[in-house]
Student: 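First the structure, which I've put down as structure tokens, then a few questions once you've had a look.
Excluded from the calculations below are hydrogen atoms, water molecules and symmetry mates; all remaining heavy atoms, backbone and side chain alike, are included. Reminder, nothing fancy here: chain letters follow the sequence lines and each chain counts from 1. Just so it is clear, the model here is predicted, and its values are computed rather than measured.
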Amino acid sequence: MAASVDETRVAAGVRRGEGAEGDERVLIALRGVALSFDTTEVLRGIDLDVYERETVVVVGPSGAGKSTILKIILRLLIPDAGEVVVEGREITRMSFEQILEVRRKIGMVFQEAALFDSLSVYENVAYPLREHMRLREGDVEARVRHALERVDLDFDELGDRLPAELSGGQKKRVGIARAIVHEPEILLFDEPTAALDPVTSATIVELIQRLQAGLEVTGVVVTHDVRVASRIATRIAMLRDGRIAFLGTPEEVRRSDDSYVRLFFFG
Amino acid sequence: MRIGANFGIQGDLRMAREHAQAREAAFPDRLWELVDATLKRWVLGVQEYFVLTGKAFRAIFARPFYWRDTLQQMDVIGVGSLGIVLLTGLFTGMVLALQSSIEMKKFGALIYIGRLVGASAVRELGPVLTSLMVAGRVGSGMAAQLGSMKVTEQIDALTVIGTDPVKKLVTPRLVAALIMVPVLTVIMDVVAILGGLLISVLKLGLTADLYLRGVYQTLAQSGFVLGYLPKDVVSGLVKPFFFGAIIAMTGCYFGFQTRGGTEGVGISTTRAVVLASILILATDYFLTQILVTILFE
Ligand SMILES: Nc1ncnc2c1ncn2[C@@H]1O[C@H](COP(=O)(O)OP(=O)(O)OP(=O)(O)O)[C@@H](O)[C@H]1O
Ligand SMILES: [Mg+2]
């Protein structure tokens with residue numbers, strides 16, 4: 001297994017970014033992934049390896065298929081062709097029970113937070129704990145409190161509120177708390193800063209940076225904000241016409257002379 | 001000039017003829033394509049409906065069972081629909097007594113009003129009206145709630161956390177409907193009979209005793225199951241089980257099918273109520289046929 005992973009790495013000619021020296025295990029691998037909706041080909045062959053403890057940021061124009069890639073990693077969508085490997089196991093043909101086990105190791109932050117609107121903030125964040133672990137109520141509360149602290153939210157003030165009573169930025173942060181409360185190994189973010197003001201957006205970027213340092217998670221972050229991308233990325237993957245048109249460190253992006261990359265990043 | 005004009009017209013005629021021929025050739029093809037696509041979509045939809053129903057029923061017997069959600073749905077369906085069921089039942093019973101009294105008076109058959117109201121309420125109006133009211137009130141709510149969860153990615157979020165959305169969202173609604181629709185039907189039956197009693201005593205000058213004896217006679221007349229359950233009551237209680245399943249499954253199916261934002265939620269809601277009502281009425285016919293064969297022949 002290790003040998004074949006190494007081979008694909010060499011074959012793909014992947015360069016690692018700085019600051020992610022840990023062991024170089026591939027945690028998520030997409031191989032030749034293609035997907036069409038009706039007649040439109042959205043993805044036409046995506047190859048991407050995500051190493052343990054790195055953060056790959058996927059950028060690209062609206063409708064390029066960025067959210068689709070995250071959904072494929074979670075098997076909310078099954079690709080027409082290609083392989084999806086998470087922690088060394090192919091997931092596209094797994095049974096329901098097997099995929100549940102994989103999903104438990106992943107936390108996902110949705111584009112619009114996707115909080116359960118009939119549950120309080122507390123119950124939203126506690127939900128993954130209640131689903132996966134048999135914990136005493138005291139332990140649940142301690143973990144929820146801790147997760148909310150991590151995203152700078154006041155447990156005592158917001159715990160009892162319903163999602164409808166929160167601002168957009170607060171919702172997103174509750175969404176992040178829900179995604180990290182069971183301490184997953186992999187975190188997926190869909191547009192963590194979209195539709196937020198610059199200040200809130202900056203706090204969320206800081207938050208992601210702190211999570212990277214503190215939880216040592218592997219991340220895939222989708223965004224079309226290039227400033228966010230260069231601040232949190234180990235590597236940046238650029239999606240265009242259903243393929244990854246560019247893959248490299250933020251430094252390599254700055255040095256790139258590819259006209260489309262320059263257009264996308266520097267206007 | 002003239003020749004030119006002629007030419008022009010001839011040309012137009014020829015073009016028109018050619019277009020018509022082309023249309024004729026294309027027409028059946030295009031029509032067939034349309035019919036074909038529509039049929040395929042229908043067959044697929046029906047198949048998905050039954051797959052969802054199968055999964056929801058199987059999940060009743062598999063862990064985990066979401067008790068709290070089920071109780072909450074029982075509250076939504078049962079307590080939530082009690083008001084309209086009481087009102088519908090009362091007025092239906094009253095109008096039934098009033099309408100039939102006009103004809104029956106002519107034949108001096110007023111004493112049979114209890115029989116008529118009792119039989120109609122327990123056999124048909126109770127189960128069907130209750131189910132139609134619940135479909136309009138609760139089935140639409142299910143479609144709207146699951147639909148908005150779908151378009152705001154809450155169902156994806158559940159799936160990602162490792163919850164089976166069918167087990168968590170559909171099965172509790174199905175179980176709650178299977179329990180509560182028959183209960184509401186019994187309430188509707190009783191209230192409709194009381195509504196008839198009200199009119200018989202206050203307006204038609206019958207005694208309560210005479211009216212209620214009529215109700216009892218009509219129920220006892222067709223015989224009993226297991227010695228004490230009137231066959232009419234049994235048949236009137238088998239139906240709402242099926243109708244309850246139809247209401248829950250139709251609401252949930254259209255909820256899950258929702259796409260396209262809040263507008264999509266509105267469309268799903270309407271479709272759920274329309275289809276559930278049609279299915280209830282059609283199923284009622286076939287169930288009656290089957291029950292008559294089993295119980296009464
Ligand atoms: N369920 C679906 N049915 C049909 N088409 C879909 C569906 N989901 C996505 N698409 C289409 O697939 C394409 C990619 O969608 P996706 O959501 O992945 O884009 P995106 O890169 O995340 O865009 P954005 O930056 O706007 O969020 C779009 O053209 C979209 O219209
Ligand atoms: Mg997107």
Student: Check this for me: B:F65, atom CZ, are more than 12 non-hydrogen atoms of other residues, nucleotides or ligands nearer than 6.0 Å?
Tutor: yes

Student: Taking atom CZ as the centre, does A:F96 end up with more than 12 heavy-atom neighbours from other residues, nucleotides or ligands that are less than 6.0 angstrom away?
Tutor: yes

Student: For B:E153 versus A:Q111, what's the shortest heavy-atom pair and its separation?
Tutor: OE1-N, 4.0 Å

Student: Would you say B:F242 has more than 12 foreign heavy atoms packed within less than 6.0 Å of its CZ?
Tutor: no

Student: How about CZ on B:R271, more than 12 heavy atoms from neighbouring residues, nucleotides or ligands closer than 6.0 Å, or not?
Tutor: no

Student: Has the side chain of B:Q154 got a donor or acceptor atom that lies under 3.5 Å from a matching backbone atom of A:D117?
Tutor: yes

Student: More than 12 foreign heavy atoms under 6.0 Å from CD of A:Q209: is that the case here?
Tutor: yes

Student: Which value, rounded to the nearest 0.5 Å, describes the distance between B:T159 atom OG1 and A:L100 atom CG?
Tutor: 9.5 Å

Student: What are the two closest heavy atoms between B:A157 and A:A114, and how far apart are they?
Tutor: CB-O, 3.8 Å

Student: Is it the case that over 12 heavy atoms from other parts of the model lie below 6.0 angstrom from the CD atom of A:Q98?
Tutor: yes

Student: Supply the atom-to-atom distance A:F116 CZ to B:I155 CD1, rounded to the nearest 0.5 angstrom.
Tutor: 10.0 Å

Student: Please examine the side chains of B:I161 and A:R103, heavy atoms only from C-beta on, and report whether any two atoms are closer than 4.5 Å.
Tutor: no

Student: Under a 4.5 Å cut-off applied to non-hydrogen side-chain atoms, are A:F110 and B:T152 in contact?
Tutor: no

Student: Look at atom OH of B:Y49 and say whether more than 12 heavy atoms of other residues, nucleotides or ligands are closer to it than 6.0 Å.
Tutor: yes

Student: Charged N to carboxylate O below 4.0 Å: is that the case for B:K168 and A:E131?
Tutor: no

Student: Could you look at A:I99 and say if it's the side chain, the backbone, both or neither that has a heavy atom under 4.5 Å from chain B?
Tutor: neither

Student: Name the region of A:R178, side chain, backbone, both or neither, that has any atom closer than 4.5 Å to a heavy atom of chain B.
Tutor: side chain

